[in-house]
Undergrad: 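For reference, the structure I am asking about is given below.
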Amino acid sequence: MKRVLDEDLAYEILSVVGEIPEGCVATYGQIAKLIGREKNARLVGKVLSRAEYYGKYPCHRVVNHAGRLAPGWNEQADLLREEGVFLKDENHVDLKKFQWED
DNA sequence: GCCTTGACCCGCG
DNA sequence: TCGCGGGCCAAGG
């Protein structure tokens with residue numbers, strides 16, 4: 001049921017995102033590397049923006065290398081707080097504590 | 001088939 | 001952590 005490159009990067013990205021445990025956050029670069037596209041971190045973000053459309057994936061646990069949350073998406077901050085992730089600022093999480101390590 | 005855009009990353013200061 | 005500049009790849013127009 002694997003089919004690996006099922007349709008495109010979306011499946012791989014969503015798969016990794018779905019493995020992120022609660023109370024943790026992962027960076028786009030981290031995910032990009034896990035799917036074998038370290039250079040392509042931007043694609044992760046682009047696909048993740050559509051992840052809402054796909055549904056069921058904790059895209060709110062994905063932040064950038066600086067721990068900044070997605071612009072125009074304040075709800076992400078609340079979602080993280082609900083899982084126990086303390087934010088340093090309105091749009092920043094404490095990576096040194098919550099950055100997910102595989 | 002080129003050009004622009006994108007929830008980015010890295011190094012430097 | 002932020003700002004600037006350069007780079008990488010993919011999708012849409």
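Naming convention: chains lettered A, B, ... in sequence-line order (proteins, then strands); numbering from 1 in each chain.
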Undergrad: A/Trp73 has a side chain; which of B/dC9, C/dT1, B/dA7 sits nearest to it?
TA: B/dA7

Undergrad: Please state how far atom CD in A/Gln99 lies from atom P in B/dC8, giving the value in whole angstrom units.
TA: 15 Å

Undergrad: Only one of A/Gln76, A/His92, A/Arg81 forms a side chain to side chain contact (heavy atoms under 4.5 Å, CB included) with A/Leu87, so which one is it?
TA: A/Arg81

Undergrad: Of the candidate nucleotides B/dT5, B/dC9, C/dC2, which contains the atom at the shortest distance from the side chain of A/Lys46?
TA: B/dT5

Undergrad: Cut-off 3.5 Å, side chains only: do A/His60 and A/Glu83 have a donor facing an acceptor?
TA: yes

Undergrad: Under a 4.5 Å side-chain heavy-atom rule over Ile, Leu, Val, Met, Phe, Trp and Tyr, are A/Val63 and A/Trp100 clustered together?
TA: no

Undergrad: Could you tell me the separation between the CG atom of A/Leu95 and the P atom of B/dC9, rounded to a whole number of Å?
TA: 10 Å

Undergrad: Taking atom types as they are modelled, would you say the side chain of A/Arg42 forms a donor-acceptor pair with the base of C/dC8 within the 3.5 Å cutoff?
TA: yes

Undergrad: Looking only at heavy atoms, what is the nearest atom pair of A/Asn64 and A/Thr27, with distance?
TA: O-CG2, 3.7 Å

Undergrad: Check this one for me: any side-chain N or O of A/His65 less than 4.0 Å away from OP1 or OP2 of C/dT1?
TA: no

Undergrad: Using a cut-off of 4.0 Å on non-hydrogen atoms, how would the nucleic acid contact of A/Ala70 be classed: base, sugar-phosphate, or nothing?
TA: base

Undergrad: Are A/Val62 and A/Leu80 co-members of a hydrophobic cluster defined by side-chain heavy atoms under 4.5 Å apart?
TA: no

Undergrad: Could you state the atom-to-atom distance from CG of A/Leu69 to C1' of C/dC2 in whole Å?
TA: 16 Å

Undergrad: Could you state the CD-C1' distance from A/Gln30 to B/dC9, rounded to the nearest angstrom?
TA: 13 Å

Undergrad: For B/dC8 versus C/dT1, give the span between their P atoms, rounded off to a whole number of Å.
TA: 15 Å

Undergrad: Select one nucleotide: of C/dT1, B/dA7, B/dT5, the one nearest the side-chain heavy atoms of A/Ser49.
TA: B/dA7

Undergrad: In this structure, how many angstroms lie between the C1' atom of C/dA10 and the CG atom of A/Leu48, rounded?
TA: 15 Å

Undergrad: What integer distance in Å separates A/Asn40:CG from B/dA7:P?
TA: 15 Å

Undergrad: Nearest-Å distance, CD (A/Glu90) to P (C/dC2)?
TA: 13 Å

Undergrad: As a test of reading the structure: which of C/dA10, B/dC9, B/dA7 is closest to the side chain of A/Thr27, going by heavy atoms?
TA: B/dC9

Undergrad: Let me know the distance between NZ of A/Lys39 and P of B/dG11, rounded to the nearest Å.
TA: 12 Å

Undergrad: A/Leu43 or A/Gly29: which one's nearest nucleotide on DNA chain B is closer to the 5' end?
TA: A/Leu43

